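First comes the structure, then the notes that go with it.
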Amino acid sequence: MKAATTIHAFIGATLLALHANGAGAAPAGTGKELPPKPTVADVVKASSPGDWRPLDPENTLYLELPAGRVVLELAPAFAPKAAANIRALVRERYFDGLWIMRAQDGFVVQWGDPDEETPRPFKAARTVDAEFTVPAKGTGRFTQLKERDVYAPQVGHVNGFPAARDPKSGQAWLPHCYAMVGVARDEASNTGNGSQLYTVIGHAPRHLDRNITVVGRIVAGMPLLAVMPRSAAPGGFYDKPEQRTPIASVRLAADVPPDQRSKLEVMRTESATFQAVIEAQRNRGGPWTKVAAGAIDLCNVPVPVREQQ
């Protein structure tokens, strides 16, 4: 109880400091040992049930691989047409028996049908309008980071997803952070229909933002994708069928019996507790840390996910 009280005091102090002087100043590199501070794990441990939300079964996908389950959360507020088409593809069992077809080091892992000559047929839409950006007004509550971003006028989080927006144009979009999921496409903007998806496994390729529809993020099982064998072929595509990893199935959580679902919840990014998570990551305490960064990049902000309590 004492530890929880300390963390709650830290959360309150964090909010006061943020209101008073912005992002908080980094301690000067004086060589003095930094005082201990609550870690992200400490903040998570002291969180309240109201700080968390369950995954929506209609927007949660289970990608079943030989090594285990990968859980993907769709973000229909940012890509409603793509999300709907992906759900349609999943419900007609399109991905079952297809493959992880690409693993480019420091970039992405991609899955779908690698056969461009005679691809697997499907009933879902073959073309979907690009959703590189959407009107910000309809995406949900935006919790802005105070740090300046290189790729967007404003960055922050919406409903558990990293997000960016431009107040002048009124547009918002999802960025290419680690574990985000995008819709692969050809040169034409509307050629990405969700039949081939990828996730970022390397340093955030933010130059892709607003050029590809980003439809969600991996919330569990990311290590299963990040360790895929790298291919030396152009683009990281496997040039030999035996190099590919088979996909047993992809299912919507809503179509899986409740006792077989992954019981996960995501921290509410509009909560005061999430602000404390950001501050714990922005200004880490000692004894290991000697100089706190005093700032944080959007793609380095952890969005906690845990088993339902």
Side-chain angles (χ1 to χ4, degrees), residues 54-103 108-131 179-186 190-201 212-229 236-238 240-264:
L55 296 178
D56 177 4
E58 278 292 333
N59 287 302
T60 303
L61 303 181
Y62 297 149
L63 171 64
E64 305 289 356
L65 301 175
R69 173 179 286 180
V70 176
V71 182
L72 189 163
E73 183 179 21
L74 296 172
F78 286 87
K81 295 176 183 178
N85 209 52
I86 290 168
R87 285 193 294 266
L89 286 163
V90 169
R91 284 195 157 121
E92 64 177 279
R93 307 293 192 258
Y94 171 77
F95 292 99
D96 295 10
L98 291 180
W99 298 273
I100 305 293
M101 53 188 284
R102 177 189 187 192
V108 301
V109 161
Q110 186 169 323
W111 59 95
D113 189 348
D115 192 345
E116 295 183 352
E117 299 300 323
T118 56
R120 175 179 292 188
F122 53 86
K123 297 177 182 178
R126 295 191 172 276
T127 59
V128 175
D129 292 339
E131 294 170 301
M180 295 299 283
V181 175
V183 177
R185 69 171 176 88
D186 292 327
N190 68 346
T191 50
N193 64 357
S195 61
Q196 288 192 13
L197 299 171
Y198 65 87
T199 189
V200 177
I201 61 168
I212 299 181
T213 299
V214 181
V215 76
R217 75 178 183 113
I218 305 296
V219 295
M222 190 62 194
L224 303 181
L225 295 173
V227 299
M228 287 290 161
F237 287 92
Y238 297 123
K240 297 178 181 178
E242 60 268 23
Q243 295 174 305
R244 303 168 186 158
T245 297
I247 296 171
S249 65
V250 178
R251 295 286 183 273
L252 276 165
D255 299 335
V256 173
D259 63 338
Q260 297 176 26
R261 296 177 187 175
S262 297
K263 306 297 192 297
L264 300 173

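Please read these numbers as outputs of a predicted model, since none were measured by experiment.
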TODO: Enter the distance from Glu58:CD to Leu74:CG here, rounded to the nearest 0.5 Å.
DONE: 10.0 Å
Open item on the list: Could you check whether any side-chain heavy atom of Trp111 comes within less than 4.5 Å of a side-chain heavy atom of Leu98, counting everything from C-beta outward?
Closed with: no
Open item on the list: Looking at every heavy atom in both Leu224 and Gly68, which two are closest together, and how far apart are they?
Closed with: CD1-C, 3.6 Å
- [ ] With rounding to the nearest 0.5 Å, note down the distance linking CD1 in Ile86 to CG in Asn193.
- [x] 8.5 Å
Task: Donor-acceptor pair, side chain of Gln260 and main chain of Pro257, under 3.5 angstrom - done: no
For residues 122-129, dump all side-chain donor-acceptor pairs below 3.5 Å to protein atoms at least two apart in sequence or in another chain.
| residue | atom | partner | partner atom | Å |
| --- | --- | --- | --- | --- |
| Asp129 | OD2 | Lys81 | NZ | 3.2 |

TODO: Any chance you could lay out the side chain to side chain contact (heavy atoms under 4.5 Å, CB included) test for Val90 and Asp255, step after step, and finish with the verdict?
DONE: CA-CA 10 Å; Val90 169; Asp255 299 335; 5.7 Å; no
- [ ] Could you grab the distance from atom CD1 of Ile218 to atom CD of Glu73, nearest 0.5 Å is fine?
- [x] 10.5 Å
TODO: Find the distance between CZ (Arg69) and CD (Glu64) and round it off to the nearest 0.5 Å.
DONE: 4.5 Å
TODO: Using atom types as modelled and distance alone, determine if a side-chain donor or acceptor of Glu131 lies under 3.5 Å from a backbone N or O of Ala82.
DONE: yes
Task: Under 3.5 Å: donor-acceptor pair, side chain of Tyr238, backbone of Pro229 - done: yes
Task: Contact check, side chains of Leu72 and Thr199, non-hydrogen atoms, under 4.5 Å - done: no
Task: Student check: side-chain heavy atoms of Arg102 and Gln196 closer than 4.5 Å - done: no
- [ ] Answer whether the closest heavy-atom distance between the side chains of Val183 and Leu197 falls below 4.5 Å.
- [x] yes
Open item on the list: Show the nearest heavy-atom pair for residues Ala226 and Ile201, with the distance to one decimal.
Closed with: CA-CG2, 4.2 Å
- [ ] Looking only at non-hydrogen atoms, find the nearest pair between Pro57 and Arg261 and report the distance.
- [x] CG-NH1, 3.9 Å
Open item on the list: Would you say Arg185 and Asn190 are linked by a side-chain donor-acceptor pair, where the criterion is simply a distance under 3.5 Å?
Closed with: no
Task: Nearest-0.5 Å distance that lies between atom CG in Leu89 and atom CZ in Arg91 - done: 12.0 Å
Task: Side chains of Asp96 and Arg251 in contact at under 4.5 Å (non-hydrogen atoms) - done: yes
TODO: Give the minimum heavy-atom separation between Met228 and Ala103, together with the two atoms involved.
DONE: CB-CB, 4.1 Å
Task: Closest approach of Val215 to Ala83 (non-hydrogen atoms, all atoms of both residues) - done: CG2-N, 3.9 Å
- [ ] Flag the pair Ser195 / Asp113 as yes when at least one side-chain heavy-atom distance between them is below 4.5 Å, and no otherwise.
- [x] no
Task: Closest non-hydrogen atom pair between Tyr94 and Arg120, with its separation - done: O-NH1, 2.7 Å
Task: Flag, side chain of Thr60 to backbone of Ala253, donor-acceptor distance under 3.5 Å - done: no
Task: Interatomic spacing from CH2 in Trp99 to CG in Asp115 - rounded to 0.5 Å - done: 8.0 Å
Task: Check: Val70 and Leu65 side chains under 4.5 Å, non-hydrogen atoms - done: yes
Open item on the list: Any non-hydrogen side-chain atom of Val71 less than 4.5 Å from a side-chain atom of Tyr62?
Closed with: yes
